[in-house]
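Single-structure report; data block below.
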Amino acid sequence: TPIPGVDVRFQVVAGGGMVAPERTQTDSTGRAFTRWRLGSPSGEQHVAALVPEIGYPLLTFTATAQSPTPIAEPDPAPERVRPVAVVSRPFVVGGTFVCALSGERASCRGGDDRGQRLAGSSMSFTALAAGIAHACGLAGDGQASCWGANESGQLGDGSRLDRSVPVSVSGDTRFSTLSAGVAHTCGLASEGQALCWGKNTHGQLGDGSHDDRTTPGPVSGGQRFGQLVAGWTYTCGLSAGGQAFCWGLNDNGQLGDGTLVDRLAPTAVPGTFQSLAAGSAHTCGIAAGEVLCWGSNTFGQLGDGSTTSRPTPAPVRGLPAAPVRLAAGAVSTCALLADGRAYCWGQNVHGELGDGTKENRTSPSPVAGDLRFRSIYAGGALTCGFTTDGVQYCWGLNQSGELGDGTRESRSVPTKVG
């Protein structure tokens, strides 16, 4: 069904070049247009189309330039800081806390044992990311700042000191998006380069070593990504062409390469995907209208009807229609369908599946309440979603007031925030 007036952002992710306009809206037929001028004189080049509210590339476009020589046009003056188009992400769920943007001001609720609730900051952000006990924000120019736990350098400021107010990530790099695990953070810079910092015991920084970093360092291999997702102790990236790569801890097959061997650099996952989501030790992706998952499956979080872990992607069984978005908690997974219905599976000890029970599910179970959602988010043992009319609901663990309903009582059905 054509939907007019939807914000769309076009972004060059490989090969240079430019698009104009970079931001537009769908017209009365549901279409959005841009003009793409190729950059490199030869080879594959990629542009991604994103809906900022969703955050990941909905479509990617590929062109192959075959000009024998570059177009004779003077290069622009060199810039010390290369600008990027920040992907809007106004709401994130951490381990026991939630952060949201109101305008460009961030506020957080829930756990605050490491300063993650963000006390007294007036900084402006257009996108957020949350780990287990730390969070980060991106300013409009792509400058990253982080706060919360920092024992492994996951805040990226060159120290190991916890911070209750945002501190700037070191260096001149500007990021388009960030993702955070237990004690590491990764971001995409211009043209899709990935950089990571923080804990690296299992290679989750992807730089070929086991050494922690307190400032950003490049992921090895030279791949260009359109999306990054950080699991608890591993990381995955999705290229503009839909190829997934993962690196870090692989004790449950969460890297999807068919082994249980940790990887210190990006390793290819079989298949082609439109988007990815990562939990504590499981990964899921949307591929050709279905969900594929791999990794740990102790609580049924892979959704294949079993509790057998998988080192390669396996299809989720029981979704009634194709998904448009995924969200992964620690050991649970949720899918959002095009009609706004939400389904969840995996651990349900705290009601994080939202189906009115506390029974684990090895296949998708509908979220209770006959609500229709436009977005869904998960982290730790809680899940939140915004309905099509913009009302926020949360369910699951509420030990620190992270559900936002004024209590500390966990909920097994969607509960209105505020």
Side-chain angles (χ1 to χ4, degrees), residues 54-56 89-101 106-118 127-137 146-149 154 177-186 198 204 227-236 254 275-284 293 295-296 299 301 325-336 342 344-354 367 373 375-386 392-405 410-411 414-415 417:
I54 294 176
Y56 53 76
R89 195 178 183 196
F91 189 91
V92 289
V93 178
T96 58
F97 70 102
V98 171
C99 293
L101 292 179
S107 61
C108 302
R109 64 177 187 259
D112 194 33
D113 56 314
R114 306 293 295 275
Q116 61 267 44
R117 206 160 61 195
L118 187 63
L128 300 172
I132 295 304
H134 77 288
C136 299
C146 299
W147 61 94
Q154 58 263 46
T177 187
L178 299 174
S179 189
V182 167
H184 78 290
T185 311
C186 295
Q204 55 264 51
Q227 184 193 15
L228 280 182
V229 294
W232 279 19
T233 47
Y234 70 102
T235 314
C236 295
Q254 56 264 51
S275 67
L276 300 174
S280 61
H282 77 289
T283 315
C284 295
C293 295
S296 177
F299 300 96
Q301 59 264 44
R325 188 170 185 180
L326 297 177
V331 283
S332 63
T333 315
C334 295
L336 182 62
C344 299
W345 57 95
Q347 181 175 276
N348 200 23
V349 173
H350 303 285
E352 53 263 52
L353 305 188
V367 171
F373 295 95
S375 57
I376 194 165
Y377 307 87
L382 65 144
T383 312
C384 294
F386 286 83
Q392 183 187 158
Y393 288 83
C394 292
W395 55 96
L397 183 66
N398 197 25
Q399 68 179 22
S400 301
E402 52 265 51
L403 298 190
D405 66 349
S410 297
R411 307 288 185 177
T415 302
V417 174

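- Pairing each heavy atom of D405 with each of R411, the nearest pair is OD2-NE, 2.8 Å.
- The shortest side-chain heavy-atom distance between L397 and E352 does not fall under the 4.5 Å cut-off.
- Side-chain atoms of Q227 and S275, non-hydrogen and from C-beta on, do get closer than 4.5 Å to each other.
- A side-chain donor-acceptor contact under 3.5 Å links W345 to the backbone of Q301.
- For R114, the side chain to side chain contact (heavy atoms under 4.5 Å, CB included) partners at least two apart in sequence or on another chain are Q116, A133, A149, E151, D162.
- Summarising the geometry, atom OH belonging to Y234 is positioned 3.0 Å from atom OG1 belonging to T283; distances are rounded to the nearest 0.5 Å.
- Nearest approach of C384 to R109, heavy atoms of both residues: SG-NH2, 4.3 Å.
- Annotation: side chain of Y393 is not in contact with side chain of V417 (no heavy-atom distance under 4.5 Å).
- Nearest heavy-atom pair, S179 versus A230, reported as atom, atom and distance to 0.1 Å: OG-N, 2.8 Å.
- Between S375 atom OG and L336 atom CG the span is 7.5 Å, to the nearest 0.5 Å.
- Checked against the 6.0 Å centroid threshold, F373 and W395 count as a close aromatic pair.
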Show the numbers, then the answer: is there a side chain to side chain contact (heavy atoms under 4.5 Å, CB included) between Q204 and W232? CA-CA 9 Å; Q204 55 264 51; W232 279 19; over 6 Å; no
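- Taking C284 as the reference, H282, V291, C293, L326, T333 meet the side chain to side chain contact (heavy atoms under 4.5 Å, CB included) condition, with sequence neighbours excluded.
- By the 4.5 Å heavy-atom criterion applied to side chains, W147 and R117 are not counted as neighbours.
- For D112, the side-chain hydrogen bond (donor to acceptor under 3.5 Å, both in side chains) criterion is met by no residue, not counting sequence neighbours.
- Within the 4.5 Å cutoff, the side chain of V367 has heavy atoms near those of the P414 side chain.
- In this structure, the side chain to side chain contact (heavy atoms under 4.5 Å, CB included) partners of A106, at least two apart in sequence or on a different chain, are L101, L118, F125, L128.
- Looking at residues two or more places apart in sequence or on another chain, you find no side-chain hydrogen bond (donor to acceptor under 3.5 Å, both in side chains) involving T383.
- Closest approach of G137 to L178, counting heavy atoms only: O-CD1, 4.4 Å.
- The main-chain N or O of S400 is never found under 3.5 Å from a side-chain atom of T96 such that the two would form a donor-acceptor pair.
- Between Y377 and F386 the shortest side-chain heavy-atom distance falls below 4.5 Å.
- Here T185 pairs with H134, C136, Q154, A180, W197 under the side chain to side chain contact (heavy atoms under 4.5 Å, CB included) rule; sequence neighbours left out.
- Counting only heavy atoms from C-beta outward, the side chains of L403 and L382 approach each other to under 4.5 Å.
- What you find for L353 and S332 is that their closest heavy atoms are CD2-CB, 3.8 Å.
- In this structure, N398 and G404 approach most closely via the heavy-atom pair OD1-N, 4.4 Å.
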